[in-house]
Amino acid sequence: MKILVTAKRVEDAESKIRVNPQGTGIVPEGLKYKINPFDEIAVEEGLRLVAKHGGEVVVVSIGGKEVQEQLRHALAMGAHKAVWVNHAGALDQLAIAALLAKVVEAEKPDLAILGKQSIDDDQNQVGQYLAEFLGWGQATFASKVESLESDAEKGKHPGVMLSADGKAVVVVREVDNGLATVECQMPAVVTTDLRLNLPRYASLPGIMKAKSKPIQELTPAGLGVDVTPKVVIQKMVPPPARKAGIKVPDVATLVDKLKNEAKVV
Amino acid sequence: MPVVLIVAEQQPDGNLRKATLNALTAGKQLAERTGAELHVAVLAKDASGLAAELKGHGAKVVHAASSPVFEHYLAETFAPAVAELAQSLGATFVGGASTAMGKDLLPRVAARLKAAMATDVLGFEGSGADVVYARPMWAGNVVAHVKLTTPVQVFTVRPTEFPAAPTGGAEAEVRPFTPKTEPVKTRFIDFKEVKSARPQLTEASVVVAGGRGTKGDFKEIEALADVLGAAVGASRAVCDAGWVPNDLQVGQTGKVVAPKLYIAAGISGAIQHLAGMKGSKTIVAINKDPEAPIFQVADYGLVADLFKVLPELRQALQSK
Ligand SMILES: Cc1cc2nc3c(=O)[nH]c(=O)nc-3n(C[C@H](O)[C@H](O)[C@H](O)COP(=O)(O)OP(=O)(O)OC[C@H]3O[C@@H](n4cnc5c(N)ncnc54)[C@H](O)[C@@H]3O)c2cc1C
């Protein structure tokens, strides 16, 4: 199998994010950057699938030269090669999906696995746009039937299964009120939810090997994609603050407050 | 007249998903700002019942497509049908609720309509074609005001930010529609419903949520929830461990809730969790660590062992 996965560069989930005083962006001081956690799950799933069925994992990132760090990280986890779409400016989900569609056309993977959302934009759109642009089936919010503490997880088994004829993927999706299972003929787009797998750490030999793996550089112009943003952020503001609460010494006081002050019980 | 088209959602049990009514209110607000008419589309195996139910909630027209193709929701069957309808109406705005279905479907609709999209909209500003969407970024640490510059604009709304559209007012006209169908590459296999006698997490007026501090023992969380007629919620840590169904995760990447009372026990209050519950009216936090960040958003904080105080709290509320 050939699997294409994505690796967006985002602020670390533990970072303290604040809007800058001008409302034009976030305060950059003290931020650390990582591969988007959902994309890390996508990389891991790709690696597990090729470990089981054979094949290779191609990782793609779009951004300025700093995104090579995230590509190297994915290569260190075990991805075979990397594609870097070099673009330093703002990008929206339409543009990202259009660029990915071009990369897919060139790479011809059986499966494109993307994170369901990136934890900066929180848009949850690119996989779905990509599937439609390519005319492929989509299985979003891919999960595992077993918990992340199960034997299947410890055995590093993929959560995405192949159909009996090997021509389709069977995916368990996290949806409202339960789990839905769908079968998508390949090629297909899968987007990952949190419980699909626990990504591996990059090993030291992995990191060494990653240094000599190829990163192919592409550009939006070279791919023939107009990336002018259609989602235009006009300003950013902090969310409304909650007023400070109090600590209560015991259950009796809590119950009294809930009954007589907040009047919610 | 321009049209705002809202896509309704049917639950697996056949009922209308309540979030549809919140999306209708958002649609109404947007229609008022843009001088448009509000329409709603419902697609189902038999859409007649839901169409009748939707008639009285403020839309001008209810478009109803009934077909065995729509028995089980799939983005690949629904998206072309919604896009075809939107095009035939000349709709300039297409939206729905930020549910699992809304998030799966509407980007695919947007792709067909070459439209830009805003997810999880909290509110609107401006008017006409210059309408601006407020939406959260970075787990709600930032509210961005965004403009979509494509001729058609697509969005999902966060249901907790808009009241449910009331009944009353003029009855909508129900118009059947028969979309073209294409062969699709995805097949529905099954749906394993998590059945619960408790209210749905996103619809409950009280939520009792447990975190890793419960060590997987949800008995007291559930007992308190039952005394309060509440839904049960959880942090990611709890869902990852498989202690409760994934569907109960509250947060940035789970459910967003805003009940009148949210009780968090043994939850540290990571930003990703707060993103899903800090809109609640009253928040109670029970945690044995006085420094836990959950206390920063709690109206009432109790520094205590949850195994000791949850039974006390239940008994005090039971005997009330
Ligand atoms: C991409 C991404 C997305 C995420 N999305 C979500 C999301 O949607 N929702 C979500 O919840 N998290 C999410 N997280 C995870 C989040 O960052 C936290 O790891 C998680 O919320 C922690 O869960 P917790 O509070 O239950 O556990 P912990 O952080 O381990 O906290 C346990 C708390 O229990 C307290 N405690 C322990 N024993 C007791 C006791 N006996 N009595 C009282 N208190 C006790 C401890 O003091 C501690 O504060 C996400 C993370 C990432 C990276």
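Treat the numbers as computed from the prediction; the structure is a model and nothing was measured. Just the heavy atoms: all of them, side chains too, but no hydrogens, waters or symmetry mates, feed the values below. Every chain is numbered from 1 and lettered A, B, ... according to where its sequence line falls, protein lines coming before strand lines.
- Of the atoms belonging to V109(B), not a single heavy atom falls under 4.5 Å from chain A.
- Counting only distance, with no hydrogens or angles, the side chain of R195(A) and the backbone of C239(B) share no donor-acceptor pair below 3.5 Å.
- For L302(B), the parts sitting under 4.5 Å from any heavy atom of chain A are the backbone and the side chain alike.
- Residue contact with chain A, scored on non-hydrogen atoms closer than 4.5 Å, involves the side chain of F295(B) exclusively.
- Both the backbone and the side chain of V309(B) come within contact range of chain A, with heavy atoms under 4.5 Å apart.
- Contacts of Q200(B) with chain A are made by side-chain atoms alone, with heavy-atom separations under 4.5 Å and no backbone atom involved.
- For D247(B), the part lying under 4.5 angstrom from a heavy atom of chain A is the side chain only.
- Counting heavy-atom pairs closer than 4.5 Å to chain A, the top residue among Q252(B), K255(B), K281(B) is Q252(B).
- A donor-acceptor contact under 3.5 angstrom links the side chains of Q125(A) and T119(B), judged on distance only.
- Remark: side-chain polar atoms of R135(B) are paired, donor with acceptor, to backbone N or O of D121(A) under 3.5 angstrom.
- With a 4.5 Å cut-off on non-hydrogen atoms, A285(B) does not touch chain A at all.
- Heavy atoms closer than 4.5 Å to chain A are found nowhere in A304(B), neither backbone nor side chain.
- Side chains of L94(A) and T150(B) form a contact here, defined as non-hydrogen atoms less than 4.5 Å apart.
- Of the possible donor and acceptor atoms, one in the side chain of Q138(A) sits under 3.5 Å from a partner among the backbone N and O of D104(B).
- Put simply, the side chain of Q93(A) never gets that close to the backbone of P107(B): no donor and acceptor are under 3.5 Å apart.
- Heavy-atom distances place no part of L201(B) under 4.5 Å from chain A, backbone and side chain included.
- For P136(B), the part lying near chain A is the backbone, with the side chain staying farther off; criterion is any non-hydrogen pair under 4.5 Å.
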